[in-house]
Asker: 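Sharing a structure, written as structure tokens. Questions coming.
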Amino acid sequence: MTAIFWKEMADHLGRRRFLLTFLLILFGFLWGMFILFREVQGSGVSTGEFLFLSLFTNSSGVLPPVLFYLGFFGPLVGIALGFDAINSERTQGTLAKLLSQPIHRDAVFNGKFLAGLTTLGIVLTAIVLSIVGMGMFVMGYAPQGEEIIRIVGFSIVTVVYLAFWLAMAMTCSIFFRNAVTSALVSLGLWLMATFLIALLIAPALAELAVPEVSDLTQQVSRESWQLWISRISPSQLFNEAAQILLNPEARFTGVLSAERASQLMRVQATPISAGQSLQLVWPHIVVVFSMVAALIGVSYTKFLREEIRS
Amino acid sequence: MAPLVETSSLTKHYGSIKAVDGLNLKMNPGEVYGFLGPNGSGKSTTILMLLGMTEPTSGTVSVAGHDPTRDPTAVKRQVGYLPEAVGFYPDLTGRRNLLYTAELNGISKSDAEHKVEEVLHMVQLEEAGHRPAGQYSRGMRQRLGLADVLLKEPKLVILDDPTLGLDPAGIQWLLGLIEEMAKQKGIAVFLSSHQLHEVQRICDRVGIMSRGKMVLEGTVSDLTAAQESGGYEVYLEVEKSSKSLIGALSEIKSVKNVNANKTKITISGTEDCRHQVSTIVFEQKVRMLELRTSNRSLEEIYLRYFQEPADGEG
């Protein structure tokens with residue numbers, strides 16, 4: 001499997017896709033810089049205490065936050081690394097040859113998946129570190145312990161989320177023999193998860209579930225319906241988890257009843273610890289993680305039992 | 001000597017189609033076996049089962065003492081397989097492609113480089129080895145494929161229609177290489193093809209498949225002798241034919257019939273009489289332009305089994 005891993009790593013970082021990953025890192029960096037300088041200029045926009053975290057969550061007015069950038073474009077890299085993983089080997093005629101070598105078939109999938117995951121990790125680390133590094137340079141001080149823990153936690157959650165898209169694209173590459181079909185299906189699913197579910201499907205279904213909104217209780221009920229439905233989408237889960245992790249003052253993930261909100265109002269001002277934030281989003285992480293596992297399981301059952309004809 | 005490959009009543013169904021139907025196959029170490037048949041006669045399916053890349057519906061397979069269905073890795077360690085349309089990573093050079101295969105076979109780095117040079121030399125691709133495999137011609141890809149298969153120093157090499165799409169010179173060259181490799185290294189070769197003519201000369205034995213069944217098996221000369229219609233046909237072309245020449249030819253013991261069409265003479269008989277024919281031609285002081293056997297009966301076998309309408313999958 002290590003042989004496959006290194007071969008795929010060389011492919012990802014080699015000339016074929018390097019441009020894409022490099023551009024993504026560059027844009028991520030520039031995006032972060034833009035927000036950083038706007039913040040320094042505007043001084044007072046920032047939350048002061050957690051300045052490094054706000055680099056990821058604050059928007060500049062023109063640009064949405066870096067968090068949005070990662071959640072939106074990150075999946076595209078995952079898809080780009082995975083959509084032709086298996087079917088390109090098939091069309092090149094290398095799959096039959098590869099599988100006639102004394103390796104287990106799952107090693108082919110694992111090697112490719114791990115190589116893709118490592119590449120995603122490298123891209124993400126590069127973006128995060130360059131933004132934090134530039135922040136240190138401009139502001140003249142380093143992030144503190146809490147901030148570091150939160151940024152690392154956020155990076156890990158992002159990698160898990162991107163792993164979902166990698167696994168999704170690789171699953172498509174097993175099911176669809178044509179690389180173009182596979183790419184289109186992956187992109188379609190991405191569009192559905194990032195836009196359609198949150199903007200169309202969830203509100204529509206919520207309206208069906210709670211047809212009338214005449215008082216606050218019904219309003220809250222409809223909102224929570226909408227939230228729970230949109231949580232089918234890993235994008236929603238990622239966004240919630242990332243928001244909580246990067247924002248020490250956020251202390252809830254769901255829709256609040258008026259009563260509970262007023263309770264929270266009183267304690268809102270004090271930030272909570274990184275551990276408490278992590279506890280809040282633990283279910284989100286577990287669900288995305290199991291989505292990844294499920295996709296890999298589906299790929300395994302299909303790929304391991306399939307007959308490969310040249 | 002234990003057979004290298006043995007199958008007993010091997011069967012594979014695809015839905016209601018029987019791709020392979022009760023196949024019994026035996027192959028000895030070091031043997032060159034020609035596995036012939038038209039497209040869709042079950043050759044490729046058999047090969048996939050030999051490698052454990054698809055499961056048989058029923059029957060058993062044993063390759064190099066292992067069951068490929070249960071222990072495919074053990075089989076693949078000793079068996080090289082050249083798929084029908086072999087491909088390489090187009091961005092990598094031929095050499096890098098081979099190094100990758102070596103790595104997958106667990107050959108250490110220092111050994112691998114040495115071995116890659118050796119096999120590249122065998123298939124005469126030392127120069128082209130520096131170029132990306134995407135630029136290779138079909139013939140070069142097949143040669144690189146052969147090199148790829150030889151890397152792991154296999155006991156058995158399975159070649160699925162290696163001559164497909166090659167020009168005649170390429171076919172001759174490739175078959176010569178396969179023959180050489182079998183003789184020098186003692187590697188058994190399982191050669192699947194639908195081109196009887198090209199392949200028969202390098203095979204120790206051939207088996208002919210038709211609709212999933214083995215319809216004929218044996219050495220090429222066995223098969224020839226086995227045909228009732230059999231016997232030999234000798235084709236002779238002289239500069240100038242004469243009645244006395246035809247008369248003398250008809251008197252050869254084994255000859256049954258002499259058929260002359262101006263200077264082109266076809267002599268059919270029960271055995272190869274080229275030697276007598278050449279003596280007669282010499283005695284008659286006629287200039288001989290061509291003398292060859294046309295091996296008619298094997299062609300008949302070919303036609304009988306190969307020209308059936310092929311259905312199902314290859």
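So you know, we letter chains A, B, ... as the sequences are listed, proteins then strands, and number each from 1.
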Asker: Give, as side chain, backbone, both or neither, the part of A/Glu306 having an atom under 4.5 angstrom from any heavy atom of chain B.
Answerer: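 Answer is backbone: N, CA, C or O of A/Glu306 sit under 4.5 Å from chain B.
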
Asker: Measure distances from A/Arg305 to the heavy atoms of chain B and classify the residue's part below 4.5 Å as side chain, backbone, both or neither.
Answerer: neither

Asker: Side chains of A/Ser173 and A/Ser182: donor-acceptor distance under 3.5 Å anywhere?
Answerer: no

Asker: Under 4.5 Å between any side-chain heavy atoms of A/Val77 and A/Leu120, yes or no?
Answerer: yes

Asker: What do the steps show when you test B/Tyr136 against B/Phe88 for ring pair (Phe, Tyr, Trp, His ring centres under 6.0 Å), and what is the final call?
Answerer: CA-CA 10 Å; B/Tyr136 283 21; B/Phe88 291 92; 7.5 Å; no

Asker: Could you tell me which portion of A/Ile4 (side chain, backbone, both or neither) has an atom closer than 4.5 angstrom to a non-hydrogen atom of chain B?
Answerer: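 Looking at A/Ile4, backbone and side chain both touch chain B.
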
Asker: For chain A, find its close neighbours in residues 98-109 of chain B: heavy-atom separation under 4.5 Å, sorted by number, or none.
Answerer: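 Answer by number: B/Tyr100, B/Thr101, B/Glu103, B/Leu104, B/Asn105.
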
Asker: Starting at CE of A/Met170, measure out to CD1 of A/Ile174 and round the result to the nearest 0.5 Å.
Answerer: 6.5 Å

Asker: Of B/Leu159, B/Val32, B/Val157, B/Ile47, which meets side chain to side chain contact (heavy atoms under 4.5 Å, CB included) against B/Phe190?
Answerer: B/Ile47

Asker: Just grab all the ring pair (Phe, Tyr, Trp, His ring centres under 6.0 Å) pairs involving residues 81-118 of chain A, residues at least two apart or on different chains.
Answerer: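 Residue pairs with at least one partner in residues 81-118 of chain A: A/Phe109-A/Tyr300.
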
Asker: Is it true that B/Thr54 and B/Lys12 share a donor-acceptor pair across their side chains at a distance under 3.5 Å?
Answerer: yes

